[in-house]
Amino acid sequence: MRKCYTMGIFGSPFGLTGVFLFIQYEHYYSEGLNMRYSKTLRAKFIDRPNRFIAHVELSGKVETVHVKNTGRCRELLIPGVMVILEKSDNESRKTKYDLIAVYKKNFGLINIDSQAPNKVAREWLESKNYSYIRPEYTYGKSRIDFYMEDNSKKYLMEVKGCTLERDKVGYFPDAPTERGVKHIYELIKAKNEGYHSILAFVIQMEGVCEVLPNTEMQPEFKVAMDDARKAGVEIIFIKCKVYEDRLEWI
């Protein structure tokens with residue numbers, strides 16, 4: 001929320017004139033900020049024919065479901081693992097369920113919903129003392145996830161979700177992302193122009209405290225992160241508590 005001031009001049013039939021100051025409070029609301037799922041159930045993963053759908057066993061039948069993550073997730077989506085689905089309220093959809101989380105063997109539950117990190121990040125930002133928060137902010141030739149203000153300071157924050165884990169360390173990305181590299185260099189540019197730039201990793205699993213660049217997958221991302229650190233871009237890790245029906249920052 002922030003104040004917007006409008007000044008004008010008024011007149012009256014009696015020849016009186018004056019100046020008025022109109023104060024308007026401007027809000028930006030986001031829908032579904034509470035990162036909860038309404039109807040969740042367990043199923044057994046069978047296979048993934050392409051990036052968008054998977055086959056699961058649900059109540060003894062094979063069901064085609066939508067995968068809410070276009071990344072590879074090869075180390076997670078292994079035949080036979082237990083997965084978490086959310087039932088859609090849209091009766092006209094071709095798929096009745098979204099695949100939102102996976103139980104990784106010898107580790108635990110990992111949320112793979114690619115829409116979850118921005119919702120969690122928004123909740124995290126609203127717990128801070130920013131006077132103004134705006135999602136999907138246009139900067140340069142990119143859409144940066146969040147623009148914030150704190151008195152006279154201006155902030156830009158780009159959010160990445162981490163689902164890849166090796167030996168209790170998170171890695172990003174799990175698939176090449178030219179867009180992700182581009183956004184980092186936009187943050188560097190913004191930092192040089194006086195913004196406080198932040199690269200935030202929302203860790204969609206428990207027991208992981210940091211995220212490193214996945215150099216094997218995309219060396220360019222590591223170069224970009226190194227350049228960001230040198231430029232003074234703040235890199236933060238938002239840890240989460242993962243449940244079958246929700247994802248909460250801690």
Under a 4.5 Å cut-off applied to non-hydrogen side-chain atoms, are [X] and [Y] in contact?
X	Y	result
M157	M148	yes
F52	N69	no
V83	K44	no
V202	W124	no
F45	I78	no
K96	E63	yes
L156	Y137	yes
L109	M205	no

Crowded around [X] [atom1]? As in, over 12 foreign heavy atoms under 6.0 Å?
X	atom1	result
R166	CZ	yes
K128	NZ	yes
K168	NZ	yes

With the 4.5 Å side-chain cut-off for hydrophobic clustering, are [X] and [Y] part of the same group?
X	Y	answer
I46	L99	no
V81	L85	yes
V102	L164	no
I184	V223	yes
Y37	Y103	yes

Apply side chain to side chain contact (heavy atoms under 4.5 Å, CB included) to the pair N214 and F172, showing each step before the final yes or no.
-> CA-CA 5 Å; N214 189 2; F172 185 92; 5.9 Å; no
Any donor-acceptor N/O pair, [X] side chain to [Y] backbone, under 3.5 Å:
X	Y	answer
E158	D145	yes
S142	Y139	no
Q218	F221	no
R42	I84	no
S114	K68	yes
Q204	D113	yes

Distance-minimising heavy-atom pair for [X] and [Y]:
X	Y	result
G170	V208	N-CG1, 3.3 Å
N111	A116	OD1-CB, 3.8 Å
P49	A54	CD-CA, 4.0 Å
D150	N129	OD1-O, 3.8 Å
T163	I112	CG2-CA, 4.0 Å

Check ion pair [X]-[Y] (N to O, under 4.0 angstrom):
X	Y	value
R93	D98	yes
D226	K222	yes
K39	D245	no
R72	D174	no
E126	R122	yes

Return the [atom1] to [atom2] distance between [X] and [Y], rounded to the nearest 0.5 Å.
X	Y	atom1	atom2	answer
K189	K141	NZ	NZ	8.5 Å
I53	T95	CD1	OG1	8.5 Å
T138	R143	OG1	CZ	4.0 Å
Y132	Y147	OH	OH	7.5 Å
F201	L212	CZ	CG	9.0 Å
H66	E86	NE2	CD	11.5 Å

Report the C-alpha separation of S88 and N90 in whole Å, then their side-chain angles, then the decisive distance to 0.1 Å, and conclude whether the side chain to side chain donor-acceptor pair (under 3.5 Å) test is met.
-> CA-CA 5 Å; S88 172; N90 185 353; 5.3 Å; no
Who are the ring pair (Phe, Tyr, Trp, His ring centres under 6.0 Å) partners of Y171, not counting sequence neighbours?
->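 Expected list: none.
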Verify side chain to side chain contact (heavy atoms under 4.5 Å, CB included) between D227 and I188, making sure each step is shown before the conclusion.
-> CA-CA 8 Å; D227 289 344; I188 293 172; 3.9 Å; yes
Before giving the answer on salt bridge (Lys or Arg N to Asp or Glu O under 4.0 Å), spell out for K191 and E234 the whole-Å C-alpha distance, their side-chain angles and the decisive distance to 0.1 Å.
-> CA-CA 10 Å; K191 175 65 178 178; E234 183 180 5; over 6 Å; no
Do Y155 and Y195 have their ring centres less than 6.0 Å from each other?
->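 No, too far apart.
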Kindly determine whether C209 and K239 satisfy side chain to side chain contact (heavy atoms under 4.5 Å, CB included), including the steps that lead there.
-> CA-CA 6 Å; C209 299; K239 295 183 289 184; 4.0 Å; yes
So R48 and C73, side chain to side chain contact (heavy atoms under 4.5 Å, CB included) or not? Walk me through it.
-> CA-CA 10 Å; R48 186 182 187 182; C73 301; 4.0 Å; yes
Y243 ring centre to R246 NZ or CZ under 6.0 Å, with the angle to the axis within 45°?
->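 Judged by the rule (NZ or CZ under 6.0 Å from the ring centre, within 45° of its axis), R246 counts as positioned above Y243.
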Cation-pi check, K104 onto F107 ring (under 6.0 Å, within 45° of axis) =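 Cation-pi check for K104 and F107: passes.
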Of I203, I238, L199, the residue whose pairing with V211 passes side-chain contact (heavy atoms from CB on, under 4.5 Å) |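 In the set I203, I238, L199, the residue that makes a side-chain contact (heavy atoms from CB on, under 4.5 Å) with V211 is I203.
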